[in-house]
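In what follows, a structure is listed as structure tokens, so that the remarks can point back to it.
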Amino acid sequence: MFSKILIANRGEIACRVIQTAHRLGIRCVAVYSEADCDARHVALADEAFLLGPAPSNESYLRADKIIQIALQSGAQAIHPGYGFLSENTDFAEACSQNGLVFIGPPASAIAAMGSKSAAKAIMEKAGVPLVPGYHGAAQDVETLRAEALKCGFPLLLKAVAGGGGKGMRVVNQIEEFDEALSAARREAKNAFGNPDMLLERYLTQPRHVEIQVFCDSQGQGVYLAERDCSVQRRHQKVLEEAPAPGLSCETRKAMGDAAVKAAQAINYVGAGTVEFLYDVDGSFFFMEMNTRLQVEHPVTEMVTGQDLVEWQLRVAEGAPLPLKQDEIRIRGHALEARIYAEDPDNDFLPATGRLDYLRTPDESAHVRVDTGVVEGDEVSIHYDPMIAKLIVWDENRDQAINRMVQALEQYRINGVKTNIRFLHALADAQPFREADLDTGFIEKHRALLFPPPKLDLHRALVLAAGYLLEQTRSNNPNNEDRWSPFAHQNSWRLNSEYAKPLALKVDDQVYELKVLEKNQYYEVRVADSLYTLHAELSGDQLKAVINGHRISVHVTQKDKELVIFHEGESFHCEAHEETYGLEDIEAEGSLTAPMNGSVVAVMVQPGDAVKAGQTLVIMEAMKMEHAIKAPLDGVVDEIYFKEGEMVSEGAELLSVTSDATEEDAAP
Ligand code: MV4
């Protein structure tokens, strides 16, 4: 076995690999960018080397530096994780040329899956089921139109060079075909530099079911069941599970055998995933093969009891597969939710910031948290915004869903917006419980996934008051006897009608509460409603009884801001103080980035005269473009960003001097 490996990655997957390597007694070398000096993967590793500045192409994508560090530190192998260099044939090759083991498939196997049409041709030859259609070399309109008629409608045009949903177009009837074809080609040419198309019958309600395969260097291959990843948003997986609900043992075996055949057709070695479209009638078709260990591998580990990183390490050093096909069993059901720093209420734009408060559920045989961050870490614009993967297991799917809902309620984050509440709604939604899955799940059930808060405003305010009162009391030196009259603050009068006023601000609205301390409890007035409140604070847990209803919440405070966590929801408010004379002063003509993203185009130059409404800069975030327009007529002063650069929300993009300023100054 290797005695030292280098992990060419960051975040949760780097930590995940280190964990198994350490269990096997293997030393780990981490690499990191300037943004990751204090990152968890660096702390966990035995040694770590700085690669360069934060942007990936100056750090985690620097194949040359990484290989040099591996050689210098005496590592025998490199684990690429997922993303970054994991499916880079040049990197895989460079590793072997330098006498380093690439913990992944041979470069030739990565290359074979790079083109969709070439991959389909290989799979067809190997007898793997394909969606009926055309993936030939001839690309003239006549051939494609004739093939479209053979294929039938609706059909899907897919870019040969595409992947992950880019460059696809549905055609419903032959009359639309020519126009759709030229549009799709233009798009593909722009996006991938290759206009070639393939045609497929369009499945309208497919599921995404993928098989985990493993092959050793002796040519043996096995499958470790399947994962259903149908719950996706814009081709990003959100919830994954194993096994796929409702899949029969016969289908599992047929799909598994097809996947192993697919892997063996390209002389695969290591961990791979063969993705299938699974149709309502139980038929399945090859979609693509991912030549890496995937993000969602933990659900497979939970139901098989195997450590797939250990399998990767063993296979990479030339050992045979740890188990034969008939020794691989599945037990129970596992779910994984991807916790992202993003804002579901703002079109899921990626969020950034500091993880000021971070509490994770207790880990057990039922609950696993794979993460690369700790409290206090920054989520930056430079990398994938995934904060953690929450994985649960139980004997059956129903119980596993309950576990997931419970664990999401125990996951509490403040400082960065997250999708936790959205995941909670998703996992708890009736159609999800009923496994009514297809790739359109999130779109179809939108209404269910953004439910109104369960904690109503008044009760939330009363809880906030309870927290502040209990906290004040516990900071009071006379608090040995909590109900002693001497424990009371100066504005308090026992059995009197002096009520303490408390102003709380929620979304710019100020609420004036009145609190009266009674013997053993409080009375809190919010607007015209009166609430009796018993409150008890231990650590960050507040146990309260409001009008006889007992409720337990967690509270975190940062300066004047309070956050109350309850059943996956968070409620924000602020202890209010009047502010006088402060008005928003906005620099004239200053143009700031509305979100974190990258600059895709700068349409003007310094000195250009611009008209109000004219597009100045185009930004992109989460594959969507946003035009930054001139707010007024004027002249461009200075431009602070170039095309391709990353920009944080609020950063000034360019400055424009308004014509009005000059007009005003004129006599
Ligand atoms: C399809 C399809 C329906 N019919 N192919 C999307 C990503 C790319 N890998 C393949 N994709 C699809 N191919 C045929 N013939 C529907 C999709 C699809 C999809 C597939 C898996 C997971 C999510 C998806 C979301 C939209 C469309």
Side-chain angles (χ1 to χ4, degrees), residues 2 5-6 8-9 61 63-64 66-67 70-71 75-128 130 135-137 159-164 192-194 196 198 210-224 256-276 286-294 297 308-309 311-321:
F2 309 119
I5 62 171
L6 181 146
N9 214 301
L61 290 171
D64 54 339
I66 290 169
I67 285 175
L71 294 172
Q76 297 118 19
I78 298 185
H79 196 302
Y82 51 73
F84 295 127
L85 296 165
S86 61
E87 292 175 281
N88 183 312
T89 50
D90 292 341
F91 181 66
E93 224 135 57
C95 285
S96 19
Q97 275 160 15
N98 284 281
L100 296 161
V101 176
F102 176 74
I103 303 173
S108 56
I110 302 175
M113 293 296 110
S115 147
K116 271 186 162 354
S117 54
K120 283 189 83 167
I122 295 168
M123 294 309 154
E124 186 170 46
K125 201 160 150 249
V128 179
L130 301 181
H135 53 268
V160 162
F192 317 110
N194 177 353
D196 290 358
L198 52 84
E210 58 183 34
I211 299 276
Q212 176 69 56
V213 293
F214 241 101
C215 298
D216 61 25
S217 49
Q218 289 84 51
Q220 298 299 308
V222 294
Y223 59 90
L224 293 104
D257 287 338
V260 171
K261 265 196 296 188
Q264 288 177 330
I266 56 170
N267 299 315
Y268 203 79
V269 179
T273 296
V274 183
E275 296 182 346
F276 293 98
F286 172 81
M287 191 162 38
E288 43 193 82
M289 179 166 185
N290 298 318
T291 54
R292 59 171 188 271
L293 183 73
Q294 288 194 256
H297 76 274
L308 298 189
V309 174
W311 280 48
Q312 284 191 296
L313 294 168
R314 297 209 180 282
V315 161
E317 50 132 28
L321 290 168

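Every heavy atom of this structure was used, including side-chain atoms; hydrogens, water molecules and symmetry mates were not.
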Counting only N and O atoms by type, is there a donor-acceptor contact under 3.5 Å from the side chain of [X] to the main-chain atoms of [Y]?
X	Y	result
D64	I67	no
N9	P80	yes
E93	N88	no
N98	L100	no
E87	N290	no

Considering only heavy atoms from C-beta outward, does the side chain of [X] approach that of [Y] to under 4.5 Å?
X	Y	result
I66	F84	no
M113	E288	no
L85	L61	yes
Y82	H297	no
M287	M123	no
F214	L308	yes
V128	V274	no

Spatial distance of atom [atom1] ([X]) from atom [atom2] ([Y]) [nearest 0.5 Å]:
X	Y	atom1	atom2	answer
D216	L321	CG	CG	4.0 Å
I78	F102	CD1	CZ	8.5 Å
Q294	S86	CD	OG	9.5 Å
Q212	Y223	CD	OH	13.5 Å
L198	H135	CG	NE2	8.5 Å
I211	M289	CD1	CE	11.5 Å

Looking only at heavy atoms, what is the nearest atom pair of [X] and [Y], with distance?
X	Y	answer
A75	L6	CB-N, 3.8 Å
A316	V101	O-CG1, 3.6 Å
K120	L130	O-CD1, 3.5 Å
A107	T89	O-CG2, 3.4 Å
V315	G270	CG1-N, 3.8 Å
G162	F192	CA-CZ, 3.5 Å

Mind checking salt bridge (charged side-chain N to carboxylate O under 4.0 Å, His left out) for D257 and listing every partner two or more places apart, or none if nothing turns up?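 Counting only residues at least two positions away or on another chain, D257 forms a salt bridge (charged side-chain N to carboxylate O under 4.0 Å, His left out) with K253.
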Hey, mind stepping through F91 and I110 against side chain to side chain contact (heavy atoms under 4.5 Å, CB included) and telling me if it holds? CA-CA 11 Å; F91 181 66; I110 302 175; over 6 Å; no
